[in-house]
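Chain naming here is simple, since letters A, B, ... match the order of the sequence lines and numbering starts at 1 in each. Because the structure is a prediction, the values reported are computed rather than measured.
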Number of protein chains: 2
Amino acid sequence: MDWNQEQCKGQIMAVHDAMDVLSGKWKISIIAVLCFKHKRRFSDILADVKGISNKMLSKELKELEINKLISRTVEDTQPITVNYELTEYGQTLQTVIGQLADWGSAHRKYIMGK
Amino acid sequence: MDWNQEQCKGQIMAVHDAMDVLSGKWKISIIAVLCFKHKRRFSDILADVKGISNKMLSKELKELEINKLISRTVEDTQPITVNYELTEYGQTLQTVIGQLADWGSAHRKYIMGK
DNA sequence: AGTCCATGTTACTTATAAGTTACCGGGTTA
DNA sequence: TAACCCGGTAACTTATAAGTAACATGGACT
């Protein structure tokens, strides 16, 4: 496919928009956990995502929420629990993440293997 | 789609592998230029990618070359010119970059628009 | 009253990415 | 011979991301 210069700039911006949402050391792992376990509390995710600190988790969850990929709901239990889950919109990421995973997996083989 | 825990870890690693290759402020722009103009010299790319410094360009080109996404060929002209172009393998990125662009573009509209 | 858990926040430090400025070698042009 | 172009490299600075440790709040439990 060929684009003109303006379309090209738009594509670059769009790719960066997508990458910004997924960038950083932890977001993919958090999304994956929520993808896999569907509904998790703060402390659950803290345990699921090996190595993350509560500070980083808090920060990343906020960013994901701002981007409407996950929802945060406070359950009125004792003590209160806070549940996070992928929104319906967040699920639209599955295709693109799947593609990234496929390419990344093939790339690892290509670079390591030959 | 549901994965078990091991498959899940593999997916996360694969996504990170893919993102690492594309990460940073400049790589997508460089790839886009090479996608659009097919064959470019160092100084051409320096001019095409607005704002990049020769140091960063040099560094990013090296990384892309290590990942076999672009090729570097020294032409025996006077003065010598160095051409960079996407490898055939590098072109396999087009699908995944296209997907990222589509999602990123939709995301921008979703977040800004409503 | 003191301690624990859950869900964070604050202040501070460290590591990584990016930017700036200057310079190099080899050939070219004025 | 002096200044210039090309394709970089090197040393240093600045900005951004991530990590660490301690503390906060509010209810429950001992």
Side-chain angles (χ1 to χ4, degrees), chain A residues 12-13 15-34 37 39-67 69-85, chain B residues 12-13 15-34 37-67 69-86:
Chain A
I12 293 169
M13 189 180 67
V15 176
H16 276 129
D17 285 346
M19 301 249 316
D20 285 350
V21 167
L22 302 177
S23 74
K25 190 169 169 182
W26 303 109
K27 289 204 192 76
I28 296 289
S29 302
I30 294 168
I31 290 170
V33 164
L34 258 23
K37 309 232 179 153
K39 186 185 257 195
R40 292 302 261 176
R41 292 180 307 158
F42 186 87
S43 50
D44 292 333
I45 305 172
L46 202 56
D48 291 334
V49 178
K50 308 276 183 331
I52 199 171
S53 67
N54 55 354
K55 176 200 149 183
M56 287 306 291
L57 180 56
S58 171
K59 190 190 137 230
E60 301 289 49
L61 288 170
K62 265 182 207 162
E63 288 185 33
L64 291 169
E65 203 193 344
I66 286 170
N67 280 299
L69 300 176
I70 63 172
S71 63
R72 175 181 184 277
T73 49
V74 180
E75 314 283 350
D76 194 11
T77 54
Q78 295 304 346
I80 60 155
T81 53
V82 180
N83 277 305
Y84 292 90
E85 56 189 317
Chain B
I12 292 169
M13 190 180 67
V15 176
H16 276 128
D17 286 346
M19 301 251 315
D20 286 350
V21 167
L22 302 177
S23 73
K25 191 170 169 181
W26 303 109
K27 290 205 192 72
I28 296 289
S29 302
I30 294 168
I31 290 169
V33 163
L34 258 23
K37 309 234 177 150
H38 306 303
K39 186 184 257 194
R40 291 302 261 177
R41 292 180 307 158
F42 187 87
S43 49
D44 292 334
I45 305 172
L46 202 56
D48 291 334
V49 179
K50 308 279 185 331
I52 198 171
S53 67
N54 54 354
K55 177 198 148 184
M56 287 307 291
L57 180 55
S58 172
K59 191 190 135 230
E60 300 290 50
L61 287 171
K62 265 182 206 160
E63 289 184 32
L64 291 170
E65 203 192 345
I66 286 170
N67 280 299
L69 300 176
I70 64 172
S71 63
R72 175 181 184 276
T73 49
V74 180
E75 314 283 350
D76 195 10
T77 53
Q78 296 304 347
I80 61 155
T81 53
V82 180
N83 276 306
Y84 292 91
E85 57 190 317
L86 271 188

Using a cut-off of 4.0 Å on non-hydrogen atoms, how would the nucleic acid contact of A:Ser43 be classed: base, sugar-phosphate, or nothing?
sugar-phosphate
Can you measure from CG (B:Leu34) to OH (B:Tyr84) and round to the nearest 0.5 angstrom?
10.0 Å
A:Ser53 or B:Leu61: which one's nearest nucleotide on DNA chain D is closer to the 5' end?
B:Leu61
Once rounded to the nearest 0.5 Å, what's the spacing between atom CG of A:Leu57 and atom CG of A:Leu64?
9.5 Å
Just the rounded figure in Å: distance from P of C:dG19 to CG of B:Leu57.
12 Å
At 4.0 Å (heavy atoms only), tell me whether A:Ile80 reaches a base, stays on the sugar-phosphate, or touches nothing.
sugar-phosphate
Distance-minimising heavy-atom pair for A:Ser53 and A:Leu46
C-CD1, 3.8 Å
Between A:Pro79 and A:Ser58, which is nearer to the 5' end of DNA chain C once each is assigned its nearest nucleotide?
A:Pro79
Within the structure shown, what part of the strands sits under 4.0 Å from A:Lys59 by heavy-atom distance: base, sugar-phosphate, or nothing?
sugar-phosphate
Below 4.0 Å: OP1/OP2 of C:dG8 and any side-chain N or O of A:Lys62
no
Under a criterion of less than 4.0 angstrom to any heavy atom of chain A, what are the 5'-terminal and 3'-terminal contacting nucleotides of DNA chain D?
D:dA18 to D:dA28
Any side-chain heavy atom of A:Met13 sitting closer than 4.5 Å to one from A:His16?
no
In whole angstroms, how far is the P atom of C:dT7 from the CG atom of A:Asp76?
14 Å
When you measure only distances, ignoring hydrogens and angles, does the side chain of B:Lys55 come within 3.5 Å of the base of C:dG19 through a donor and an acceptor?
yes
With a cut-off of less than 4.0 Å, is there a side-chain N or O of B:Lys25 near OP1 or OP2 of C:dG19?
yes
Can you check the B:Ile52 CD1 to C:dG19 P distance for me, whole Å?
8 Å
Separation of C:dG8 atom P from A:Glu65 atom CD, nearest Å, is 9 Å
Output, in order, the C-alpha distance, side-chain angles, deciding distance and verdict of salt bridge (charged side-chain N to carboxylate O under 4.0 Å, His left out) for A:Lys27 and A:Glu63.
CA-CA 9 Å; A:Lys27 289 204 192 76; A:Glu63 288 185 33; 3.0 Å; yes
Rounded to whole Å, please give me the gap between CE in A:Met56 and C1' in C:dT10.
15 Å
Contact check, side chains of A:Glu75 and A:Thr73, non-hydrogen atoms, under 4.5 Å
yes
Starting from the first five and the last five pairs of the helix from C:dA1-D:dT30 to C:dA30-D:dT1, work out the angle between the resulting helix axes, to 10 degrees.
30°
B:Asn54 CG to C:dA22 P, in whole Å, measures 13 Å
